[in-house]
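Fair warning: this is a prediction, and the values are worked out from it, not measured in the lab. All heavy atoms count here, side chains included; hydrogens, waters and symmetry mates do not.
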Amino acid sequence: MDINCDMGESFGRYTLGQDAQIMPLVTSVSIACGFHAGDPLVMQGTVRLAVEQAKAIGAHPGYPDLQGFGRREMMLAPAEVEALVLYQIGALAGMLQADGGELRHVKPHGALYNQAAKDPALAAAIARAVRRFDRELILVGLAGSALIEAGVEAGLRTAAEGFPERGYNPDGTLIRRGQPGAQIESPKAAGEQAVQLATAGIQFLSGGEMRQVSVDTLCIHGDAPQALQIARAVNAALSSAGVVIAGLGSEC
């Protein structure tokens with residue numbers, strides 16, 4: 001089971017997250033590419049830290065929405081989404097190449113991620129951008145979502161994602177932030193949900209029928225106040241349950 005964290009989301013003089021402290025506790029990192037968060041210096045520093053620690057590194061493209069941290073929905077044409085995702089992948093890949101790293105996956109951020117989980121046309125646009133850049137990249141998306149289906153249809157490797165510190169709706173989507181049950185703030189509860197996701201996957205209603213899908217990677221949001229404590233709890237809970245922890249694309 002992979003444990004991933006969104007990183008490199010500071011900007012200019014503003015620091016967000018505890019990247020240096022959390023990095024040793026995860027196996028994969030998804031680095032912001034400057035649209036929803038991050039800037040060239042932050043990207044470069046995060047890349048170097050991840051390369052030094054031999055983490056599986058991915059691009060974390062989002063909507064061009066610095067003020068809203070990429071969590072506000074936007075209505076863009078699929079062609080525009082494809083181009084902006086491709087642009088951001090290229091930016092991070094350039095940073096990685098300069099510092100001897102390798103791009104392994106792409107994981108959309110925030111509203112782009114959540115909208116693509118439900119919208120096949122948007123999901124297909126993201127998958128096309130990833131495929132055009134490199135067919136060997138892994139596309140990360142919400143388990144059971146349209147984004148995973150689009151990745152499979154595009155011939156990409158995919159990684160179904162689960163969230164130890166987020167609540168789920170009955171249809172398998174994430175409860176919208178700000179709504180009751182959206183956030184799991186207890187590290188102990190997050191650890192317990194991590195084990196459940198890793199061992200049993202997710203059950204949800206789809207078309208009136210119950211579906212069950214497995215999970216390949218667990219996300220810890222780096223901007224969450226309890227992120228460091230949750231990362232420790234998730235690691236401890238998975239280890240206690242006998243779950244092998246390894247980065248995306250690794251052979252267990």
Side-chain angles (χ1 to χ4, degrees), residues 1-10 16-19 22 25-26 28-30 32 35-37 60-63 65-75 107-119 122-123 126 140-148 159-206 210-235 237-238:
M1 177 58 61
D2 174 63
I3 304 174
N4 79 78
C5 187
D6 308 332
M7 292 191 173
E9 293 180 321
S10 298
L16 184 67
Q18 304 173 70
D19 291 1
I22 295 174
L25 300 171
V26 302
S28 298
V29 296
S30 302
F35 272 37
H36 78 275
H60 197 38
Y63 282 134
D65 178 27
L66 282 173
Q67 285 183 308
F69 195 62
R71 287 180 175 156
R72 298 185 292 191
E73 291 189 355
M74 300 181 74
M75 299 298 131
K107 173 190 166 182
H109 166 82
L112 179 61
Y113 179 100
N114 289 325
Q115 285 180 264
K118 300 177 180 179
D119 185 337
L122 186 60
I126 295 170
V140 179
L142 185 67
S145 72
L147 186 56
I148 293 294
E161 187 171 40
F163 293 83
E165 25 84 297
R166 292 293 308 277
Y168 284 84
N169 291 308
D171 65 354
T173 59
L174 299 175
I175 298 174
R176 184 181 290 272
R177 289 177 180 274
Q179 299 298 313
Q183 303 291 132
I184 297 175
E185 298 179 353
S186 162
K188 182 176 183 295
E192 292 171 350
Q193 181 152 302
V195 172
Q196 175 69 20
L197 290 167
T199 57
I202 299 172
Q203 286 190 335
F204 61 95
L205 284 172
S206 177
M210 186 65 72
R211 288 184 58 196
Q212 182 166 355
V213 293
S214 61
V215 169
D216 304 305
T217 181
L218 299 172
C219 174
I220 296 169
H221 286 97
D223 64 304
Q226 295 286 89
L228 182 56
Q229 292 84 351
I230 287 174
R232 288 170 177 159
V234 166
N235 270 270
L238 292 176

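Between atom CE of residue M7 and atom CG of residue D223 there is a gap of 11.5 Å, rounded to the nearest 0.5 Å. Within the model, atoms OG of S145 and CG of D119 stand 11.5 Å from one another, a figure rounded to the nearest 0.5 Å.
Side chain of Y113 to main chain of L142: a donor-acceptor pair is present (N/O by atom type, distance under 3.5 Å, no hydrogens or angles). In terms of modelled atom types and a separation under 3.5 Å, the side chain of T173 and the main chain of N169 share no donor-acceptor contact. Not one N or O on the side chain of R166 forms a donor-acceptor pair closer than 3.5 Å with the backbone of L174.
Side chains of Q115 and M75 form a contact here, defined as non-hydrogen atoms less than 4.5 Å apart. Side-chain contact between F163 and H221: present, with at least one pair of heavy atoms (C-beta onward) separated by less than 4.5 Å. At least one side-chain heavy atom of R232 sits under 4.5 Å from a side-chain heavy atom of L25. Residues F35 and D65 are not in side-chain contact: their nearest non-hydrogen atoms beyond the backbone lie 4.5 Å or more apart.
Between H109 and H60, the ring planes lie perpendicular to each other; the angle is over 60°, past the 30° to 60° tilted range.
No hydrogens or angles considered: nothing links the side chains of E185 and Q226 as a donor-acceptor pair under 3.5 Å. With no hydrogens or angles considered, a side-chain donor-acceptor pair links N4 and E161 at under 3.5 Å. With hydrogens and angles left out, the side-chain atoms of T217 and D2 include a donor and acceptor closer than 3.5 Å. Of the N and O atoms on the side chains of R177 and Q183, at least one donor lies less than 3.5 Å from an acceptor on the other residue.
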